[in-house]
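Step one of this worksheet: look at the structure below.
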Amino acid sequence: MSTASTTPVTIMRQHLIDPEICIRCNTCEETCPVDAISHDSRNYVVDAAKCKYCYDCISPCPTGAIDSWRNMRTDLAYPIAEQLLWDTLPAQVALDEGPGVGAGDTAALPDDVAKIAAASTAGQGGIAPPPWSAAHPYVNLYSIQAPAVATVSGNFRLTGEDASSDIRHIVLDFGNASFPVLEGQTIGILAPGLDAAGRPHHVRLYSVASPRDGERPRYNNLSLTVKRVTADHEGAAVRGVASNFLCDLKKGEQVNVVGPYGTSFLMPNHPGSNLLMICTGTGSAPMRAMTERRRRKSVPAEDGKLMLFFGARTPDELPYFGPLTRLPKDFIDINLAFSRVPDQPRQYVQDLIRTRAAEVVRLLRDENTYLYLCGLKGMEQGVDAAISEVCGNHGLDWKTLQAALLLQGRYHVETY
Ligand code: NAP
């Protein structure tokens, strides 16, 4: 005999955050456009009543903790108060359990769940796959509870003495600790001390700027490109916690490091693969890592093309300006855009993409080309418009191509 209730039971795919993997870096909370994500001193949580399933938070999450889901009866969705107490994610509950559900209801459940699951992974929900020939990355080797301890073996200013920004090349040595990274991965820095609310500071993420075999080949070290943050996006004075901590570090001092992270923004390793790299400011870090990897491993007969678009305010503000301009022209095609050189028109990377349209399109037509975009969030739109325009002028439909590139792990974006 059916015990079906008179109120129909609805099923939701509840968005949750895995407290075991989450590094409390605040990226998801900053990204969520509807303020569905919040935190206390223990956990980051998602409000089921607010989450609109836009998936904006999924791909920026360094650990994948954000990509956690449970199929739930809507009336039994986990409330925030309960999520804040979790140490681990609860297991998926059987959907035919609980008050008010009977045989008549459960017969319909599997279909509903399948539909919800399909909807949630369609479109841009998932994390982009890496290039097919990428090396397999290690992730989440070190947690907040058990970080790796690195020793600073170098801290050099990259920007000119008169430049307005202080950008530094910081080398961290891991001694005997195992901390394997690939180009394009990020690491988390734990700045000491507490925030204004008396909680430990969020983890701050930095892209690795050195290739997989170390800043110095076959040394257990890596480098970061760090800009000292002295103002917020609106220009108001603010002292960036982790950036100032890192920029002030002296040789021999120690840093707690978590990670590594990143399974998508990785470089291809097969012969003939081309890298089309577009970056601004310190977004150059992963491009330096990939370029240096290619330079060290260069086998001229097998090398693909490297093309770089790099934007900075002035040559003095462009990290790695000297070493970059000394690279052979037949190794890498470098296009530098400067926005604040006195008496010169403001130039952005997207302007140079238009100038080099024929070559950009030639690369985009090549199925061995991998596209990387890293730096200021604001450039995403401008770069997209420029690529769309140059493609259109050459008979290519960018939206169709972009969708294919994403699916094939050939289009990677990391902007902040
Ligand atoms: P920045 O010096 O403020 O800007 C670099 C250049 O980009 C300037 O020439 C700037 O021009 C230009 N720019 C501004 N708006 C633009 C737009 N809409 N389109 C194209 N170009 C634009 O850059 P930054 O402070 O170094 O910032 C780099 C970003 O990379 C940060 O958001 C950082 O979080 C991110 N990032 C850093 C790392 C890392 O490992 N350190 C890794 C990944 C990403 P004007 O200002 O003159 O207009």
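In this text, all values refer to a predicted model and were calculated from it rather than measured experimentally. Each ligand, and each atom within it, is numbered from 1 in the order the structure gives. What's counted below: heavy atoms across the whole structure, side chains too, no hydrogens, waters or symmetry copies.
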Test side chain to side chain donor-acceptor pair (under 3.5 Å) on Asn368 and Asn274; report intermediate values, then the result.
CA-CA 6 Å; Asn368 276 314; Asn274 309 310; over 6 Å; no
Does His169 have its ring centroid less than 6.0 Å away from the ring centroid of Tyr320?
yes
Is it true that, when you exclude Glu367 itself, more than 12 heavy atoms of the residues, nucleotides or ligands shown sit nearer than 6.0 Å to its CD?
no
Determine the sole option in Ile17, Asp47, Leu89, Leu16 for which the side chain to side chain contact (heavy atoms under 4.5 Å, CB included) test with Gln83 is passed.
Leu16
Just how far is it from atom CZ of Arg288 to atom OG1 of Thr225, taken to the nearest 0.5 Å?
7.0 Å
By chain and number, the residues contacting ligand 1 below 4.0 angstrom (heavy atoms only) are Tyr206, Ser207, Thr225, Lys227, Thr280, Gly281, Thr282, Gly283, Ala285, Gly311, Ala312, Arg313, Ser339, Arg340, Arg346, Tyr348, Gln350, Cys374, Gly375, Leu376, Gly378, Met379, Tyr416
Member of Asn221, Val152, Thr151 meeting the side chain to side chain contact (heavy atoms under 4.5 Å, CB included) criterion with Leu172
Val152
